[in-house]
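A short worksheet on the structure shown next.
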There are 2 protein chains.
Amino acid sequence: MGVTLKDVAEAAGVSITAVSKVLHGSGKSVRIAKETETAIREAAHRLQYVPNSVARSLRTSRTRTIGLVFENFGSLSEGPMYYVLMLDGVAQELFRNHYRLTILAEVSHKHVGGALSDGRMDGAIWCKLPMEEEVLTQLAQSRIPVVALNTEAPTNPLLTYVSCDNEGGARLVVEHFYALGHRRVLYVMETGEDDTPDATARLRGFRRACQEACLPFTEDDIVFWDRDASQFADWWRSGPPHTGVFAWNERVAGAVLRRAHESGVHVPGDLSVVGFDSTPFCETTSPPLTAVRQPILEMAKHAARILFESLDNGPDEPRVFTYPCTLDVRGSTAPTSMVRRTRRKPVETSNGPVLDAERGNP
Amino acid sequence: MGVTLKDVAEAAGVSITAVSKVLHGSGKSVRIAKETETAIREAAHRLQYVPNSVARSLRTSRTRTIGLVFENFGSLSEGPMYYVLMLDGVAQELFRNHYRLTILAEVSHKHVGGALSDGRMDGAIWCKLPMEEEVLTQLAQSRIPVVALNTEAPTNPLLTYVSCDNEGGARLVVEHFYALGHRRVLYVMETGEDDTPDATARLRGFRRACQEACLPFTEDDIVFWDRDASQFADWWRSGPPHTGVFAWNERVAGAVLRRAHESGVHVPGDLSVVGFDSTPFCETTSPPLTAVRQPILEMAKHAARILFESLDNGPDEPRVFTYPCTLDVRGSTAPTSMVRRTRRKPVETSNGPVLDAERGNP
DNA sequence: GGCGGTTGATAAAACCTTTTATCCATCATA
DNA sequence: TATGATGGATAAAAGGTTTTATCAACCGCC
């Protein structure tokens with residue numbers, strides 16, 4: 001079917017070895033005269049020779065391909081944005097280094113090793129690797145290097161992890177609120193997501209930071225956002241003492257924003273709102289959403305670079321790289337001192353949040 | 001390095017052929033006794049044999065891998081949403097059929113053929129293929145089947161295209177506006193995007209549908225949205241006759257929405273807004289955005305299925321599949337007759353859009 | 001004339017699998 | 001006793017590349 005080295009060799013009247021040497025520079029004891037070289041190049045060009053990379057990979061056992069494994073790929077477009085960002089970052093770094101990218105999904109936990117060891121890729125990056133001990137040990141023994149690209153990492157890793165500090169991110173939020181004068185902040189969790197590692201880390205960070213700042217924080221300061229947001233509405237009607245809301249992710253934060261808008265509550269005039277995951281979406285809300293940024297793109301690129309490293313220099317000890325989160329301050333947060341000045345129109349609902357910057361202040 | 005057929009064969013005391021037959025069922029003239037089979041399976045399991053798919057591909061010249069080519073992959077997370085949807089749809093269909101997916105980017109137009117013909121994939125889907133004749137002819141002669149997954153298609157194709165009817169989508173918008181009583185609609189274009197095939201098709205559809213409905217539409221009914229939205233602001237201040245706005249894409253539509261909100265103009269009470277590309281984003285605006293839906297996910301899956309077809313039954317004649325667009329009606333559009341009733345608060349800007357449902361009505 | 005060094009090139013093995021052709025028993029049938 | 005199936009298994013080629021080992025020829029030099 002395709003044109004092979006042999007075809008080019010025959011056309012140029014030389015051996016396969018000579019063609020291989022000229023076209024790909026391989027074999028150090030092989031020397032070729034200038035004229036022969038041009039003849040070979042001419043023939044290759046004329047026949048439109050394209051090297052068969054499958055054959056090459058078989059010989060060299062290198063594919064210059066990295067596998068990207070998605071634990072529930074399910075639907076990339078409906079899942080959280082950071083999947084896209086992980087893919088994006090990894091892809092950019094890979095392509096920059098002339099590596100190819102292949103995507104794996106739904107890799108059975110029973111056959112983790114097999115899926116990665118069939119010779120099709122030189123290394124793998126596992127996005128959102130679950131932390132089951134059994135899977136991890138299997139992966140650690142894999143024939144190819146594997147890097148986990150997560151948002152949280154186990155304390156005692158068997159694999160190399162690139163992750164970020166959700167707990168620290170949540171602390172930033174508390175600090176931000178505190179600096180703006182807020183003393184009671186509501187934490188909005190999403191139903192069904194509360195036992196993920198990320199969610200627990202964020203809540204932990206929030207709780208601890210509140211303690212350290214001597215801010216009151218009890219279980220009553222947590223509200224769950226479910227399908228019809230009924231709990232949230234209940235809270236809203238109760239005339240709560242909170243002047244700020246921290247939503248565990250940016251979608252929920254956006255929903256809070258809309259909800260506030262519909263109820264005639266002005267953000268940030270009457271209520272400050274912060275979300276987690278600073279994505280392009282945060283720029284599109286009104287007001288734009290203050291949110292914690294996980295440097296996913298950078299993390300993804302780093303994961304790729306770690307892989308290059310182990311491919312070049314052999315395997316390394318498992319390490320954990322933890323990136324700090326930062327806070328992208330936008331328009332949805334404001335100092336409590338400005339509240340009365342920026343409040344432009346009367347609150348339409350009778351039970352809107354009570355502005356009480358002093359209560360709870362030690 | 002890895003365990004091979006040979007290792008298993010030795011461990012089981014049989015030939016390579018026997019192992020291959022048992023483990024992969026190949027070779028019809030090969031027969032194996034029950035006991036031998038169990039011995040082989042046992043050995044394979046004990047040694048944790050994983051077949052080398054590179055070697056298999058070399059032999060069979062099938063990789064069960066499809067390449068997805070992105071004309072400017074650049075940055076998936078910053079580009080338009082439909083890239084993600086294309087990837088998502090293709091991936092879903094591929095995985096469902098146990099194909100693998102590999103992503104190519106920045107394939108040089110000089111070496112289109114080479115990049116696809118190196119044996120690494122059985123077929124390719126090209127997202128947003130540019131319509132340069134030269135590239136197309138090269139692709140058409142490619143050794144592997146190629147399908148173009150576009151939003152617009154050339155009239156006389158050399159390749160098989162899956163695309164959708166942007167022009168028809170724009171017409172839907174005009175019909176929707178007309179049915180709601182709107183008689184003057186502003187078309188908002190984005191600077192620097194106006195000569196893409198999609199943009200021209202949408203504008204063409206809009207213009208023609210206006211003509212057919214005897215609605216006035218001149219060059220004055222087009223406004224460009226640039227970085228600081230100054231043209232749009234100018235239009236706004238001019239006290240225009242339009243009661244509706246059609247933004248060429250959903251991001252611009254979202255920006256219009258925010259702009260209106262900031263100016264105290266109520267949507268849809270005072271102004272109806274429609275966007276192009278009904279994405280999850282449209283659910284997050286307030287009000288939710290009425291938008292034209294291109295069935296990208298379906299199109300992507302279809303493209304994959306076409307590829308399966310040609311891989312199974314050999315190449316087919318080039319065809320063009322054009323999907324109709326639909327309109328997702330959400331909260332940003334309302335009948336003009338309801339305008340005065342739903343307008344709840346006074347317009348704050350002095351030069352807001354004049355509500356003039358009758359003017360221009362034949 | 002023998003030896004070492006250099007240039008130019010090739011043969012052949014290896015990578016691992018698939019698959020056809022072949023072989024050897026054994027058993028039944030004419 | 002040939003003949004022919006049939007069951008059970010293997011040898012070997014092919015697929016396209018990389019790479020080592022080898023070879024032939026030539027030159028210069030002691």
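Because the structure is predicted, anything quoted here is derived from the model rather than measured. Naming: A, B, ... by sequence-line order, numbering from 1 per chain.
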Could you tell me how far apart [X] ([atom1]) and [N] ([atom2]) are, to the nearest whole angstrom?
X       : N       : atom1 : atom2 : answer
D118(B) : dT17(D) : CG    : C1'   : 13 Å
K6(B)   : dA14(C) : NZ    : C1'   : 10 Å
K21(A)  : dA11(C) : NZ    : P     : 18 Å
R62(B)  : dA14(D) : CZ    : P     : 23 Å
E37(A)  : dT7(C)  : CD    : P     : 16 Å
R120(B) : dG15(D) : CZ    : P     : 21 Å
N52(B)  : dC16(C) : CG    : C1'   : 6 Å
L23(A)  : dG16(D) : CG    : P     : 16 Å

Counting side-chain heavy atoms from C-beta on, which of [options] comes nearest to [X]?
X      : options                   : answer
P51(A) : dT10(D), dT17(D), dT20(D) : dT17(D)
A18(A) : dT10(C), dA9(C), dC16(C)  : dT10(C)
I16(B) : dT17(C), dG16(D), dT10(C) : dT17(C)
S29(A) : dT10(D), dA21(C), dT20(D) : dT20(D)
L58(A) : dA21(C), dC15(C), dA9(C)  : dC15(C)
T36(B) : dA9(D), dT17(D), dG8(C)   : dA9(D)

With a 4.0 Å cut-off on heavy atoms, is [X] in touch with a base, just the backbone sugar-phosphate, or nothing at all?
X      : answer
I32(A) : sugar-phosphate
T4(B)  : sugar-phosphate
V54(A) : nothing
T60(A) : sugar-phosphate
V30(A) : base

For [N], does either OP1 or OP2 sit under 4.0 Å from a side-chain N or O belonging to [X]?
X      : N       : answer
S15(B) : dT10(D) : yes
Y49(B) : dC16(C) : no
R31(B) : dG7(D)  : yes

Under a 3.5 Å distance rule, please check whether [X] uses its side chain to pair with a backbone N or O of [Y] as donor and acceptor.
X       : Y      : result
R64(B)  : Y99(B) : no
D118(A) : S53(B) : no
T65(B)  : T63(B) : yes

Problem set entry | Salt bridge present between R46(A) and E42(A) (N-O < 4.0 angstrom) | yes
For this session: Before accepting this row, confirm whether a basic side-chain N of the pair K128(B)/D198(B) lies closer than 4.0 Å to the acidic partner's carboxylate O.
Result: yes
Problem set entry | Minimum heavy-atom distance V50(A)-G114(B), with the two atoms named | CG1-O, 3.7 Å
Problem set entry | 5' priority, DNA chain D, between G13(B) and A55(B) [closest heavy atom] | G13(B)
Exercise. What about T17(A), does its side chain sit under 3.5 Å from the base of dA9(C) through a donor-acceptor pair?
Worked result: no
